[in-house]
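These numbers come from a predicted model, not from an experiment.
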Amino acid sequence: MLQVIWGDQSEAIEQEACEILGVKGLRDYFRKPSNGGFWTDHIKRYSKSRRKAPIYWLLQSSNKNYSIWIYYHRLDKDILFKALVNYVEPKLRLEESNLEQLRSQQEAAGTSGKAAKQIEKQIDRQESLISELYDFQDKLRRAANLNLEPDLNDGVVLNIAPLWEIVPWSEAKKYWQELIAGKYEWSSIGKQLRAKGIISV
């Protein structure tokens, strides 16, 4: 994005932005969910008094090795399915292909020696990453399969609530539990959950 907008000046602009933000690189800033990262800064900026309304949502795997950003104002009924098909599934295929290559290298290297041990560690890390990605995929699919029609009039906290398992924000879980308890019957999300039999109170 910086290159498209500023061309030859993009590196200087990025360096200046990093100095202002106090980070090594912009990629790290956007990936970091804790203090000093974009997500936390964004939540603070878009939370005034009792209103909590971040418009960029961080969906993240359990060990924070994979993330997707969603823009609130582009929400539609199919956005989670699009994320699965266009991002998560291709990422899984790529990482599984990388694992197969490592296994081929392992066969060629044998079972003893320094190279074999290094490959074994890489395989363990790769298997762990793939397991984490499948977990993320399952949680995202669970939210997608609710087939909820987002309604911006419900507000950010109710729309983000079904993603509570993959959003590093405790408010999402809190509002999900309240939705399931039947607290927001007036909301479009609440009515949809009741119609699907998810709220029975």
ring-ring contact (aromatic ring centres under 6.0 Å, His included) partners of residues 95-128, not counting sequence neighbours, each pair once: none
Determine whether [X] and [Y] make a side-chain contact, defined as any pair of heavy atoms from C-beta on separated by less than 4.5 Å.
X    : Y    : answer
P162 : L148 : yes
K173 : S170 : no
Y71  : R74  : yes
I79  : I70  : yes
S187 : D151 : no
W57  : V167 : no
I160 : Y175 : no
I123 : Q106 : yes

Can [Y] be reached from [X] by stepping across I, L, V, M, F, W or Y side chains whose heavy atoms are under 4.5 Å apart?
X    : Y    : answer
V85  : L140 : no
L59  : W69  : yes
I189 : I198 : yes
L179 : L152 : yes

What I want to find out is whether [X] reaches [Y] closely enough, with some N-O distance under 4.0 Å, to be called a salt bridge.
X    : Y    : answer
E127 : R103 : yes
K139 : D135 : yes
E185 : K191 : no
K117 : E120 : no

Can you check whether [Y]'s main-chain N or O pairs, donor with acceptor, with [X]'s side chain at less than 3.5 Å?
X    : Y    : answer
E96  : I130 : no
D76  : D78  : yes
D154 : S188 : yes

Can you measure from [atom1] ([X]) to [atom2] ([Y]) and round to the nearest 0.5 angstrom?
X    : Y    : atom1 : atom2 : answer
L193 : W176 : CG    : CH2   : 5.0 Å
K91  : L94  : NZ    : CG    : 5.5 Å
K121 : L102 : NZ    : CG    : 14.5 Å
L80  : L75  : CG    : CG    : 8.0 Å
L129 : N65  : CG    : CG    : 6.0 Å
E89  : L92  : CD    : CG    : 8.0 Å

Looking only at side chains, do [X] and [Y] share a donor and an acceptor under 3.5 Å apart?
X    : Y    : answer
Y66  : Q60  : no
S61  : E132 : yes
Q126 : E95  : yes

Over all atoms of both residues, closest heavy-atom pair of V157 and K52: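 Here V157 and K52 meet closest at CG1-O, 3.5 Å.
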Worked verdict on Q137 versus L133 for side-chain contact (heavy atoms from CB on, under 4.5 Å): CA-CA 6 Å; Q137 180 187 45; L133 288 171; over 6 Å; no
Close aromatic pair by centroid cut-off 6.0 Å: Y72 and Y56: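 No, ring centres 6.0 Å or more apart.
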Verdict with reasoning, N147 to K196, per side-chain contact (heavy atoms from CB on, under 4.5 Å): CA-CA 10 Å; N147 287 307; K196 292 172 189 297; 4.0 Å; yes
Step-by-step side-chain contact (heavy atoms from CB on, under 4.5 Å) determination, N98 to Q101: CA-CA 5 Å; N98 291 341; Q101 289 177 2; 4.2 Å; yes
